[in-house]
Amino acid sequence: MGYWLLKSEPVAFGLVDLTAAPNQTTTWEGVRNYQARNFLRDGLQLGDQAFFYHSSTIRPAIVGIVEVVRAGYPDETAFDPISPYYDAASTPDQPRWYRVDIRLQRSLRRAITLAELKQHRDALGDFALLRRGNRLSVLPVTAAQWAFILSLEPTAPF
DNA sequence: GCCAACGTTGGC
DNA sequence: GCCAACGTTGGC
């Protein structure tokens, strides 16, 4: 079972949108970065969990947990000339870009902000989200990092 | 809005 | 293959 972090700009598609989506499920398409593509194609497996992260916003933060409900498959938006994600170099025979489908498992009881995560650099170790100049929209999380971050979320009220 | 980081493109 | 130019990401 693998763990990941998926970034999304809430202005474009945030937790509110995922919550409102049919079946609280969406397809994670339009990723046009090779490293992220490799994770989508080869890394994310059915049943894997991922943090849902809000980026490019006033308070960047992990806000939810999603589950992979369909592992990597070709991102067909690359084949569509009208799509903003169109890429003439990607063909059905030789797809260049991949996507996964995800479903909201639950919202976090509170947002765990990037600022807070930075305070725990030592505990988190080498965490892709905290690397300098990190721009990856799909990144791996170790089991230890996953457990630690979840431990920051308050449990039952009492 | 600014700027650092960094991936991509294209000329040579 | 090098590298400058350029575009995008994303935090602040």
Side-chain angles (χ1 to χ4, degrees), chain A residues 2-21 26-44 48-68 71-102 104-142 144-146 148-153:
Chain A
Y3 299 103
W4 310 90
L5 182 144
L6 302 174
K7 288 183 190 171
S8 190
E9 301 188 15
V11 164
F13 188 89
L15 184 65
V16 168
D17 303 290
L18 182 56
T19 301
T26 193
T27 186
W28 208 253
E29 67 190 11
V31 173
R32 296 293 180 266
N33 168 281
Y34 286 104
Q35 207 179 341
R37 185 281 310 269
N38 293 345
F39 288 135
L40 290 177
R41 186 188 59 190
D42 311 324
L44 280 74
D48 280 2
Q49 288 177 294
F51 288 128
F52 189 82
Y53 176 87
H54 280 170
S55 68
S56 291
T57 185
I58 192 116
R59 234 168 129 250
I62 294 170
V63 293
I65 296 174
V66 301
E67 180 183 3
V68 176
Y73 63 105
D75 181 351
E76 294 135 32
T77 61
F79 309 146
D80 179 2
I82 295 169
S83 168
Y85 303 128
Y86 178 63
D87 179 358
S90 185
T91 66
D93 281 350
Q94 296 246 307
R96 172 177 290 189
W97 306 112
Y98 282 73
R99 62 178 170 185
V100 300
D101 293 349
I102 58 165
L104 180 65
Q105 223 165 45
R106 66 176 180 89
S107 304
L108 292 193
R109 289 185 286 277
R110 69 178 185 90
I112 298 175
T113 65
L114 177 62
E116 182 176 356
L117 293 172
K118 284 180 173 172
Q119 292 174 357
H120 297 288
R121 276 185 190 279
D122 290 347
L124 286 168
D126 185 20
F127 185 26
L129 186 69
L130 299 183
R131 274 184 214 143
R132 230 162 54 100
N134 158 60
R135 292 162 58 196
L136 261 188
S137 60
V138 179
L139 52 92
V141 177
T142 67
Q145 288 160 349
W146 182 270
F148 178 80
I149 291 167
L150 279 183
S151 79
L152 298 174
E153 183 191 24

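Each chain gets a letter, A, B and so on, in the order the sequences are listed, and its residues count up from 1.
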**Asked** Contact boundaries of DNA chain B with chain A (under 4.0 Å, heavy atoms), 5' to 3'?
**Response**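 Taking any atom under 4.0 Å from a heavy atom of chain A, the span is B:dA5 to B:dT8.
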**Item:** Donor-acceptor pair, side chain of A:R110 and main chain of A:L152, under 3.5 angstrom
**Value:**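 Side chain of A:R110 to backbone of A:L152: a pair is present.
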**Asked** Quick check: does any side chain N or O of A:Q145 sit under 3.5 Å from a backbone N or O of A:G125, one acting as donor and the other as acceptor?
**Response**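 Looks like no, no N/O pair under 3.5 Å.
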**Request:** Report the C-alpha separation of A:D87 and A:R32 in whole Å, then their side-chain angles, then the decisive distance to 0.1 Å, and conclude whether the salt bridge (charged side-chain N to carboxylate O under 4.0 Å, His left out) test is met.
**Result:** CA-CA 9 Å; A:D87 179 358; A:R32 296 293 180 266; 5.5 Å; no
**Prompt:** Looking for any heavy atom pair under 4.0 Å, which part of the strands does A:L114 touch: base, sugar-phosphate only, or nothing?
**Reply:**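 The residue A:L114 makes sugar-phosphate contact but no base contact.
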**Message:** Any base atoms under 4.0 Å from A:S56, or only sugar-phosphate, or nothing? Heavy atoms, all strands.
**Reply:**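 If one applies the 4.0 Å heavy-atom cut-off, A:S56 turns out to touch a base.
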**Prompt:** Can you name the one residue among A:L6, A:L114, A:L15 that meets side-chain contact (heavy atoms from CB on, under 4.5 Å) with A:Y53?
**Reply:**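 Considering A:L6, A:L114, A:L15, a side-chain contact (heavy atoms from CB on, under 4.5 Å) with A:Y53 is found only for A:L114.
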**Prompt:** So, for A:F52 and A:W4, is the gap between ring centers shorter than 6.0 Å?
**Reply:**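 Centroid separation for A:F52 and A:W4: 6.0 Å or greater.
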